[in-house]
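Working notes, structure below.
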Amino acid sequence: IINPKLVICCGSKVFHSAINHFKLQKQKKYSVAQGFKIGATAFCHQRHTGATATNTTGGIKTAITNWKRMKEIFLSN
């Protein structure tokens, strides 16, 4: 049995699956690095890390910025 502090959902389908699993209220759109907490575990939406997704969503600089934003949000909580 594991008890993670952070679950990174790579891709919107994975993030939506987590929302559905916990029966949370859905929004029309979720921004990257947005998330929610269930108990002591934080779930974070992040773009898929594959090359195609990285290249079609702004490139590696945008990907690095998104991961830094996620780090800032979840380390501050």
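Since the structure is predicted, the reported quantities are computational estimates derived from the model, not experimental observations.
Distance check, rounded to the nearest 0.5 Å: OG1 of Thr65 to CZ of Arg69 gives 8.5 Å. In this structure, Lys37 NZ and Leu6 CG are separated by 10.0 Å, a value rounded to the nearest 0.5 Å.
Evaluation of the side-chain hydrogen bond (donor to acceptor under 3.5 Å, both in side chains) test over residues 6-27, restricted to residues two or more places apart or in two chains, returns Asn20-Lys26, Gln27-Gln34.
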If you apply the rule side-chain contact (heavy atoms from CB on, under 4.5 Å), what do you find for Phe15 with Val7, and how did you get there?
CA-CA 10 Å; Phe15 188 68; Val7 175; over 6 Å; no

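Val32 is not listed as a side-chain neighbour of Met70, based on a closest heavy-atom distance of 4.5 Å or more.
A donor-acceptor contact shorter than 3.5 Å links the side chain of His45 to the backbone of Ser31. Looking only at distances, no side-chain donor or acceptor of Arg47 sits under 3.5 Å from a matching main-chain atom of Cys10. Panel note: side chain Thr41, backbone Pro4; a donor-acceptor pair is recorded below 3.5 Å.
Chaining together hydrophobic side chains whose heavy atoms lie under 4.5 Å apart leaves Val14 on its own.
Ring pair Phe43/Phe36 is parallel by interplanar angle, where below 30° counts as parallel and above 60° as perpendicular.
The minimum heavy-atom distance linking Thr62 with Thr57 is given by the pair CG2-O, 3.4 Å.
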